[in-house]
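What you see is a predicted model; the values in this text were computed from it and never measured. To find a chain, count down the sequence lines: A is the first, B the second, and so on, and within it residues start at 1.
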Number of protein chains: 2
Amino acid sequence: MSINTNPEWNSFGNPNNKNEVFPDDLKYTIKNYGKNILIFRQGDLCDALNILVSGSVKTEMITENGNLLGIEIISAPRPLAPAFIFSDNNRFPVDVTTLEECEILRIPKDEVLRLMSVQPDFMRQFLTHNANRTQFLTNRLQLLSIKTIKGKIAHFLLEQTSLQGNPFVIKRNQTELADFFGVARPSLARSLSEMIEDNIIEVNKKEYRILNSKKLRDLLV
Amino acid sequence: MSINTNPEWNSFGNPNNKNEVFPDDLKYTIKNYGKNILIFRQGDLCDALNILVSGSVKTEMITENGNLLGIEIISAPRPLAPAFIFSDNNRFPVDVTTLEECEILRIPKDEVLRLMSVQPDFMRQFLTHNANRTQFLTNRLQLLSIKTIKGKIAHFLLEQTSLQGNPFVIKRNQTELADFFGVARPSLARSLSEMIEDNIIEVNKKEYRILNSKKLRDLLV
DNA sequence: TTTTATGTGTAACAACTGTTACACTTTAAA
DNA sequence: TTTAAAGTGTAACAGTTGTTACACATAAAA
């Protein structure tokens, strides 16, 4: 899930996008920051849409590819915590620090509301972006609420096979998978080995095949 | 009959909302369901805003009070999975089953978009509702990604003390807390005992006091 | 008050996962 | 091809959590 593969980000949050024409009278400010500057602190009021126009920042939160509590690196162009502007407790959930020189476009909350009324495309993109984020979070939460490693593997493999069929290819290596699940790499390897031993799955390099989907589903409990 | 004659139809679970008046030409449908009917299936296309107007349904998802994988019971009035209408993969994440006779107001996606353009208050509520949901999910995810029980306790207590001061009161009993953390009750009790033994916290019935916030913070790692 | 239900503290043990270490394989680079 | 780096399989052991069981405390109901 890189910024380049997420189509929503190409339009939303990029002021140079041709499809997204901001009105001339839009009130906004642009701020420039140097390297290694703490630009938002956890708990700061979030009363504007902050779009990272250039540069990159890091936050300590769940990462886009789902790794746990890792340091997320956000590269321009992307909005910063857009979902939080409109929440009742509209405060930044994490610290945000620049990694290089950054330019941030700041549109006040009221202007965002006006923009959405005036620009259906903007509204649609805003909604889609947040909807995708919510879906992502929901999915991660489902995965995390499964306690056992085999259960997590089962959840993930069943999801993949419903998308790709059987057999299917998983791009991540074992270390990345372990991070994704939030478990230790040798523990993941052990669980995989046991599942192979039990003839539930078959693994060849990055190709996985489900041999016994009933047993696999039983592991979800 | 106008759509505005029933005050409960103000969406987003806020029946006291006087500012939300639907336009008379709004396209919508109303569906009635009997008891124990599967009304949405996991994977069903979600191309409309479905508002539960009366009755109650259950889903198997994270609950509003945060318990894991419990069966969430949703009582009217509340929107059903409003965040998913606008996601790229706009499908229901779970099964939804009626618990009693239910009435569901269904507004097509395009009409929702129009409604938002026409009705700033509706848009604001839609945005706020989803923002709050995202914030809730983010917070749960943060809590769940902490591996140790003491870490979860620390996270929770530090959050509570920032809201309520020190000492503070926690309404949930031990069993409910354990469910909230997704751990076994005796395990939670053991961890609490050890933290009390280590003079990190003090507990009297439902009143908690932090004695050593540095040590408490160390447990977050 | 007595009775009953609910909530809490704790122990012994099982089960699972993490840590560390190392051999081996595969892939990429020189 | 040779060499280095990255990835995988596995074992021994430590650490944490879950399970089950039961005593006791507290609160609610009769």
**Report entry** B/Arg140 charged N/C atom sitting above B/Phe180 aromatic ring, 6.0 Å / 45°
**Finding:**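 Verdict for B/Phe180: a cation-pi partner in B/Arg140.
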
Within 6.0 Å of [atom1] in [X], more than 12 heavy atoms from elsewhere:
| X | atom1 | answer |
| --- | --- | --- |
| A/Lys206 | NZ | yes |
| A/Lys31 | NZ | no |
| B/Gln42 | CD | yes |

Report task. Using the six-membered ring wherever Trp is involved, compare the ring planes of A/Phe168 and A/Tyr208 and label them parallel, tilted or perpendicular (cut-offs 30° and 60°). Result ->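 Judged by the thresholds at 30° and 60°, the geometry between A/Phe168 and A/Tyr208 is parallel.
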
Query raised in the report: What class does the angle between the rings of A/Phe92 and A/Phe40 fall in, given that below 30° is parallel, 30 to 60° is tilted and above 60° is perpendicular?
Result: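 Ring orientation, 0 to 90° scale: parallel.
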
Requested in this report: Provide, to the nearest angstrom, the distance between the CD1 atom belonging to B/Ile149 and the C1' atom belonging to D/dG18.
Outcome: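 Whole-Å distance recorded here is 9 Å.
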
Query raised in the report: Rounded to whole angstroms, how far apart are NZ on B/Lys147 and P on D/dT17?
Result: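 To the nearest whole Å, that distance equals 12 Å.
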
Query raised in the report: Among residues 188-207 of chain B, which contact DNA chain D at a heavy-atom distance under 4.0 Å?
Result: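 Residues of residues 188-207 of chain B under 4.0 Å from DNA chain D: B/Arg190, B/Lys205.
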
Query raised in the report: Quick one: does B/Thr128's side chain have a donor or acceptor within less than 3.5 Å of a partner on A/Phe86's backbone?
Result: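 It does hold such a pair.
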
Report task. Could you list where the contact with chain A starts and ends along DNA chain C, reading 5' to 3', using a 4.0 Å heavy-atom cut-off? Result ->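 Nucleotide range with atoms under 4.0 Å of chain A: C/dT17 to C/dT27.
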
**Report entry** For B/Tyr33, all residues meeting ring-ring contact (aromatic ring centres under 6.0 Å, His included), sequence neighbours excluded
**Finding:**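 Expected list: none.
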
Query raised in the report: So, is A/Gln174 near the phosphate of D/dA6, with a side-chain N or O under 4.0 Å from OP1 or OP2?
Result: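 For D/dA6, neither OP1 nor OP2 has a side-chain N or O of A/Gln174 closer than 4.0 Å.
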
